[in-house]
Amino acid sequence: HAATHGHKLSVGFFDGNKFGAFRSSYGFLGDRIMDVVMKRAVSAGESVFTKYGITMFRYGTGSEEFPLIGECDDVTMKKAMHEFNVEFNKALKLKVPISELLLSPDGQAYLAERGLDLSDMSKINTAEQIVVDVTQLIRQGEFKGLSITGTCVQIDVIRNSSPREVTESVYRFIDEETSRVKELNPE
């Protein structure tokens, strides 16, 4: 469509930073957290990218990689990506049994930071559920917050370029950026 009508075309790519660490830090709870985080990503994507005419994809179930494509210039794409990150990082509340947080050192640290005295376990009601802000959970002892590394580029679409030529340009960019972002964010 962009080639036929001479519109600008931009593609982008997001990769979640250390999201897999939720699983290694919190076990089964980590899987629940990942589900909530991915739902937030989709929800933030729908609310932000839609208003700019940008479509966000997900590589597949369990993937933390999101390609983007839109009939817009790269400045607009970058602006939308920034707005996405702001929306994505708003407080994300999840009700969790204390017993699940006690299973991991990171969960114990979270509880201790919030004033729970872990020195006498007999005084703790492990069945009690507390509301946690997922964006504040520490992963692997050091990672906190939800961040996504991203990049975008405007594809030079020559009027009346074939769909194949445009598609090949887009795939080339995504392949190059996937490799580059993976080097910056190995997990």
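Residue numbers start at 1 and run along the sequence shown. Just so you know, these numbers use all the heavy atoms, side chains as well, and skip hydrogens, waters and symmetry mates.
A heavy-atom distance below 4.5 Å is found between the side chains of Ile33 and Leu137. At a threshold of 4.5 Å between non-hydrogen side-chain atoms, the residues Glu113 and Gln136 do not count as touching. In this structure, the side chains of Leu29 and Phe22 stay at 4.5 Å or more apart for every pair of heavy atoms. Side-chain atoms of Cys152 and Val11, non-hydrogen and from C-beta on, never get closer than 4.5 Å to each other. A heavy-atom distance below 4.5 Å is found between the side chains of Ser104 and Tyr26. In this structure, Lys123 and Asp117 have side chains that are not in contact, with every pair of non-hydrogen atoms separated by 4.5 Å or more. The shortest side-chain heavy-atom distance between Leu146 and Asn85 does not fall under the 4.5 Å cut-off. Using a 4.5 Å heavy-atom cutoff, the side chains of Leu103 and Phe28 are not in contact.
Note that the CD atom of Gln140 and the CD1 atom of Ile138 stand 12.0 Å from one another [nearest 0.5 Å].
Ser10 places no side-chain N or O within 3.5 Å of a backbone atom of Gly70 that could act as its donor or acceptor partner. A donor-acceptor distance shorter than 3.5 angstrom exists from the side chain of Ser25 to the backbone of Ala21, with no hydrogens or angles considered. In this structure a side-chain-to-backbone donor-acceptor pair under 3.5 Å is present from Gln108 to Leu102. In this structure, Asp133 contributes its side chain and Leu92 its backbone to a donor-acceptor pair below 3.5 Å. Checked by atom type and distance alone, the side chain of Asp15 never pairs as donor or acceptor with a backbone atom of Thr149 at under 3.5 Å. The closest donor-acceptor contact from the side chain of Thr50 to the backbone of Glu46 lies under 3.5 Å. Although no hydrogens or angles enter the test, the distance criterion places a donor-acceptor pair under 3.5 Å between the side chain of Gln154 and the main chain of Asp74. No side-chain donor-acceptor contact under 3.5 Å links Thr126 to the backbone of Ile98.
Between Phe88 and the choices Val48, Thr135, Val37, the side chain to side chain contact (heavy atoms under 4.5 Å, CB included) rule is met once, by Val37.
Considering all non-hydrogen atoms of both residues, Tyr110 and Val131 come closest at OH-O, 4.4 Å. Between Phe13 and Glu65 the shortest heavy-atom distance is CZ-CB, 3.9 Å. Scanning both residues, Ala80 and Tyr52, for their nearest heavy atoms gives CB-CD1, 3.6 Å.
Ring-plane geometry between Phe14 and Phe49 is classed as tilted, the angle between the planes lying from 30 to 60 degrees on a 0 to 90 degree scale.
Both Leu116 and Val132 are part of a single hydrophobic cluster, where members link through side-chain heavy atoms under 4.5 Å apart. Placement of Leu118 and Ile130 within a single hydrophobic cluster is found when ILVMFWY residues are connected by side-chain heavy-atom separations under 4.5 Å, directly or transitively. One hydrophobic cluster, built from ILVMFWY side chains closer than 4.5 Å, holds both Leu111 and Leu94. Under the 4.5 Å side-chain contact rule for hydrophobic residues, Ile54 and Val86 do not share a cluster.
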Exercise for review: Show your working on side chain to side chain contact (heavy atoms under 4.5 Å, CB included) between Gln129 and Val96 and close with a plain yes or no.
Suggested key: CA-CA 5 Å; Gln129 293 200 3; Val96 177; over 6 Å; no

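Within the structure, salt bridge (Lys or Arg N to Asp or Glu O under 4.0 Å) pairs that include any residue of residues 92-107 comprise Arg32-Glu100 (at least two apart or interchain). Identified under the salt bridge (Lys or Arg N to Asp or Glu O under 4.0 Å) test for residues 78-89, with sequence neighbours left out: Lys51-Glu83, Glu87-Lys90.
Checked against side-chain hydrogen bond (donor to acceptor under 3.5 Å, both in side chains), Asp31 has the following partners two or more places apart in sequence or in another chain: Arg23.
You'll find the ring centres of Phe66 and Phe57 outside the 6.0 Å limit.
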